[in-house]
Amino acid sequence: MEWSQQPGGPGDIGMKRQHRLLRSADFARVRRQGRSWAHPLMVLWADRNELPVTRFGFVVSRRIGKAVVRNRVKRRLREAARRHLHEVPPGWDLVILARAPIVQARFAEIENALTQLLARARSWMAERMAAA
RNA sequence: CGAGAGGGUCAGGUGAUCGCGGGCGGCAUAUGCCGCCUGAGGAAAGUCCGAACUCCACAGAGCACGAUGCUGGGUAACGCCCAGGCAGGGUGACCUGACGGCAAGUGCAACAGAAAGCAGGGCGCCGGCGGGCCAUCCGGUCCGUCGGUAAGCGUGAAAGGGUGGUGUAAGAGACCACCGGCGGUCCAGGUGACUGGGCCGGCCAGGCAAACCCCAUCGGGAGCAAGACCAAGUAGGAAGGCGAGACCGGCAGCCGCCGGUCGCAGGGCUGCUCGUCCUGGCCUUCGGGUAGGUCGCUAGAGACGGCGGGCAACCGUCGUCCCAGAGAGAUGAUCACCGCCGCCGGUCUCCGGCGGUACAGAAUUCGGCUUAUAGAUCCUCUCGGGGG
RNA sequence: CGGGGCGUAGCGCAGCCCGGUAGCGCACUUGAAUGGGGUUCAAGUGGUCGGAGGUUCAAAUCCUCUCGCCCCGA
C-alpha cells in the first residue's frame, strides 16, 4: 500500500521541513504517548499528529560518537526515511533513535532495518485508524 | 646515491540518479511550485590567550587578587610573530630555552656522612704533657690526654675555587704567579640586551623563586542563551525578618499627592576602603508566568594580484573581487569508472580479484596558540660516499 | 558560552595544600583454632599514582600540554 504525499512520483519526493519533527515538545509527546518498536540498529516510536502529512524526527545522542559521526548517521537516517516516506499513511509522527552499532552499518542494512520497523508499525497504525 | 635540516602548497578526481539550507526572480498567496546562483576547514576541534561588539552605572583612586617576565621591533591587542643577545645540544644545515631578582628578607634539603648553611674534626697528619716497653746514647714505638690542621681517606646531588710554588711542627689564599669566577671603575662598539679590553679590590660571598616573596608592566565585570523589538500571558501573590524620618514650598484643605534640603537604609555582577551613582522601603524564603517570531547575522583589523619601503615580522598604495549563515541545527545519499597504497593469483615491462584511501563538520566575528592528521608535491640548505 | 570536580592495588578511598617512607578497609594466598564450613587471629602477595614533557639532587605531590569520566549556571 502506498500513500502519495505530494503530487508527482512517489520515488523522488522530497523531504522538506514540513515532513520534519522540529519541536522539543513534539518529541516528548511521541515518546511518551506513542508506541515503540526496536531493532539492533534503531528504535522507532509512532503517534498520531492530526495533520495531513507524516513527520519524522531523529535522535542521535552523544553516546553514538563525535560530531562528524553523529551528523553522518543523521543524514543516512534521513535519506532512508525519505525513500520510504510513501510507505507510511499520512497523519503520523515518527521518532527514530539511533543505537550504537549503526555507526558500522552499511546503508543497505540501515534501509532494511527501517523497512522492517515500518512494516511492523503499519499494521498497528491500520488498527488505530480503523478504530478511529 | 644515501642520511638529514628548514620552509611552502594541496587535502583525490569525473559522471549518473535522487535530495537539503540560503539568496534573487516569476507564478500563486491556507500552504507551496518552477528557474538561476550559492553552500565547511587547515585545523571549522580543544576553548588556552588577545581583541571587536553588546549590556551593566561611559567605569575613578588605593589595597588585595590574577597574568606576563633577556633586548629591540611588528600589531587594534596578545601569553602571538620577526630580528638580535646569552645559555645548552648537534660534525653540520639547524634546533631548544617560564631567560628579572636568592652579596632585600623569611624558608627548604630525606637517606648517607664526623660535619649540610655556618661551618665542621671520625680516620689521618703534627706538636706539648703523662705513662708502659725497647735501647749505652741519639732516639723509636704503643696507650691516654690537651691542642693545631683542612693537604689525604670516605659519605653525598652538593663538603665553599683550580694548578704550581713560597711557607710551616704539620698545614692552610697565610703569601705569590697564572687561570677561572665575582664586585667596582674606565675606555671602545651597539638604540639595547650584551660583547671586547685596561686598572683596582678581595680571595669566594653555595643551590632552590614551576618555595613564600621582591621588582617592573598589564588587567572594571559579564558574555550573542550578550542585547534590542514585537506578540501571547501570569498573581505589582504569600510568609518571615529589619527599618528613621525631619523640615520647607505647592495642590488638596479628611486620607493623601508632587518638588526640594538634610539625614538614614539598601544596592551597584569576585573581596576591602574611599569616591561616585541609583533606588525610596529593603532583605530572605515560598509560589506564579515564559520553550513563539523578527533583528543582532555576516563587507571584514576581508581575499587575491601588482608596485614601493623594511634583514624580517609587517606596513603603505593602486587595481580587481564579494566568499556559508543554520536554529532538533543545510552543505548529502547511492552507484560506476579512473588515480594512489597494500595483499593474493596468473601465459609476472602487464592483467584480474579483494581490501584500504587520514584527522575531522561552521554556530557572533576576527588575530594567535595548542592538539589530531592517510598521503601527494615544490623550494633552499647540511653531512657522507661515488663519478666527471 | 562560562565555571567546577575526579582519575592512586581487583573494588571503594587516604596521602598532594607545605616535594624525600606510597597507606587504610574489603577482596586474594598461606598457617592456626573446628569433624567440616562460616567467623576470629597471625603472616604475606599485589600499585607504569590516566599519559607526555619540564623544574629540582629528588615529583603521586610543583608547572605546561594532553586523554577519559562526571556535575553545575546562563
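Chain naming here is simple, since letters A, B, ... match the order of the sequence lines and numbering starts at 1 in each. Treat the numbers as computed from the prediction; the structure is a model and nothing was measured. In what follows, every heavy atom counts, from backbone to side chain, and hydrogens, waters and symmetry copies are set aside.
In this structure, B/A188 and B/U195 make a Watson-Crick or G-U wobble pair, each of the two defining distances being under 3.5 angstrom. In this structure, B/A45 and B/U370 make a Watson-Crick or G-U wobble pair, each of the two defining distances being under 3.5 angstrom. Nucleotide B/G39 forms a pair with B/C20, judged by Watson-Crick or G-U wobble geometry with both contacts under 3.5 Å. In this structure, B/G386 makes no Watson-Crick or G-U wobble pair, since no nucleotide meets both defining distances under 3.5 angstrom. Pair check for B/C213 finds B/G101; Watson-Crick or G-U wobble, both atom distances under 3.5 Å. Nucleotide B/C229 forms a pair with B/G293, judged by Watson-Crick or G-U wobble geometry with both contacts under 3.5 Å. Across all strands shown, B/G202 forms no Watson-Crick or G-U wobble pair with both distances under 3.5 Å. Remark: B/U145 base-pairs with B/G128. Criterion, Watson-Crick or G-U wobble with two distances under 3.5 Å.
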For residues 91-106 of chain A, which side-chain N or O atoms pair as donor and acceptor with protein atoms under 3.5 Å away, sequence neighbours left out?
| unit_1 | atom_1 | unit_2 | atom_2 | d |
| --- | --- | --- | --- | --- |
| A/Asp93 | OD1 | A/Asn49 | ND2 | 2.8 |
| A/Asp93 | OD1 | A/Arg55 | NE | 3.0 |
| A/Asp93 | OD2 | A/Arg29 | NH2 | 2.8 |
| A/Asp93 | OD2 | A/Arg55 | NH2 | 3.0 |
| A/Arg99 | NH1 | A/His39 | O | 3.0 |
| A/Arg106 | NH2 | A/Glu109 | OE2 | 3.4 |

Could you give the side-chain donor-acceptor pairs of residues 56-75 of chain A under 3.5 Å, partners two or more places apart or in another chain?
| unit_1 | atom_1 | unit_2 | atom_2 | d |
| --- | --- | --- | --- | --- |
| A/Ser61 | OG | A/Arg63 | N | 3.1 |
| A/Arg70 | NH1 | A/Gly65 | O | 3.0 |
| A/Asn71 | ND2 | A/Ala67 | O | 3.4 |

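An OP1 or OP2 oxygen of B/A328 is reached within less than 4.0 angstrom by no side-chain nitrogen or oxygen of A/Arg70. For A/Arg76, a side-chain nitrogen or oxygen approaches OP1 or OP2 of B/U334 to under 4.0 Å.
A/Trp124 has its ring centre less than 6.0 Å from the ring centre of A/Trp37.
Separation of the P atoms belonging to B/G267 and B/C108 is 45 Å when rounded to the nearest angstrom. Taking atom C1' in both C/U61 and B/U163, one finds a spacing of 46 Å when rounded to whole Å. Going from the P atom of B/G293 to that of B/G13 covers 38 Å, rounded to whole Å. Across the C1' atoms, B/C102 and B/C208 are found 9 Å apart, a figure rounded to whole Å. Distance check on atom P: B/C10 versus B/A40 gives 16 Å, rounded to whole Å. Across the P atoms, B/G162 and B/G181 are found 16 Å apart, a figure rounded to whole Å. When the P atom is used for both B/U365 and B/A299, the distance is 12 Å, rounded to whole Å. For the C1' atoms, the distance from B/C99 to B/G79 is 15 Å, rounded to whole Å.
Between A/Glu111 and A/Glu79, every side-chain heavy-atom pair lies at or beyond the 4.5 Å cut-off. Side-chain contact between A/Arg82 and A/His19: absent, with no pair of heavy atoms (C-beta onward) separated by less than 4.5 Å.
Applying the 90° cutoff around 0 to the glycosidic angle, B/C323 is assigned syn. Nucleotide B/U71 is shown with an anti base, its glycosidic torsion being more than 90° from 0. Annotated as anti: B/G384, whose O4'-C1'-N torsion sits more than 90° from 0. Base orientation at B/G236 is anti, since its O4'-C1' glycosidic dihedral falls outside 90° of 0. A glycosidic torsion no more than 90° from 0 defines the syn conformation; B/A238 lies beyond that range and is anti.
Across all non-hydrogen atoms, the minimal contact from A/Gly34 to A/Asp47 is CA-CB, 4.0 Å. Contact between A/Ala121 and A/Leu44 at its shortest, heavy atoms only, is CB-CD2, 4.0 Å. Nearest heavy atoms, A/Pro89 versus A/Thr54: O-OG1, 3.4 Å. Scanning all heavy atoms of the two residues, the minimum distance from A/Pro90 to A/Pro52 falls at CB-O, 3.3 Å. Pairing each heavy atom of A/Ala80 with each of A/His84, the nearest pair is O-CD2, 3.1 Å.
Taking atom NZ of residue A/Lys74 and atom P of nucleotide B/C20, one finds them 17 Å apart after rounding to whole Å. Rounded to whole Å, atom P of B/G332 lies 11 Å from atom CZ of A/Arg78. One can place CZ of A/Arg83 at 14 Å from P of B/C20, the figure rounded to the nearest angstrom. Whole-Å rounding puts the A/His86 NE2 to B/C18 P distance at 16 Å. If you measure from atom CZ of A/Phe27 to atom C1' of B/A291, you get 15 Å, rounded to the nearest angstrom. A straight line from CD of A/Glu79 to C1' of B/U331 spans 14 Å, rounded to a whole angstrom. If you take CZ of A/Arg31 and C1' of B/A328, they are 12 Å apart, rounded to a whole angstrom. Separating the CZ atom of A/Arg29 from the C1' atom of B/A328 is a distance of 15 Å, rounded to the nearest angstrom.
Residues from residues 92-110 of chain A placing a heavy atom under 4.0 Å of any atom in RNA chain B, listed by number, are A/Phe107.
The backbone N or O of A/Glu87 lies less than 3.5 Å from a partner atom in the side chain of A/Arg122, making a donor-acceptor pair.
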Output a table of nitrogen or oxygen pairs between the protein and nucleotides 355-362 of chain B separated by less than 3.5 Å.
| unit_1 | atom_1 | unit_2 | atom_2 | d |
| --- | --- | --- | --- | --- |
| B/A360 | OP1 | A/Lys66 | NZ | 2.6 |
| B/G361 | OP2 | A/Val68 | N | 3.3 |
| B/G361 | O2' | A/Asn71 | ND2 | 3.4 |
| B/G361 | N7 | A/Arg75 | NH2 | 3.4 |

Review item, nucleotides 44-48 of chain B N/O atoms under 3.5 Å of protein N/O:
none

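Annotation: the span from A/Met125 atom CE to A/Arg35 atom CZ amounts to 10.5 Å, rounded to 0.5 Å.
Applying the ring-ring contact (aromatic ring centres under 6.0 Å, His included) test to every pair with at least one member in residues 98-117 of chain A, sequence neighbours left out, gives no pairs at all.
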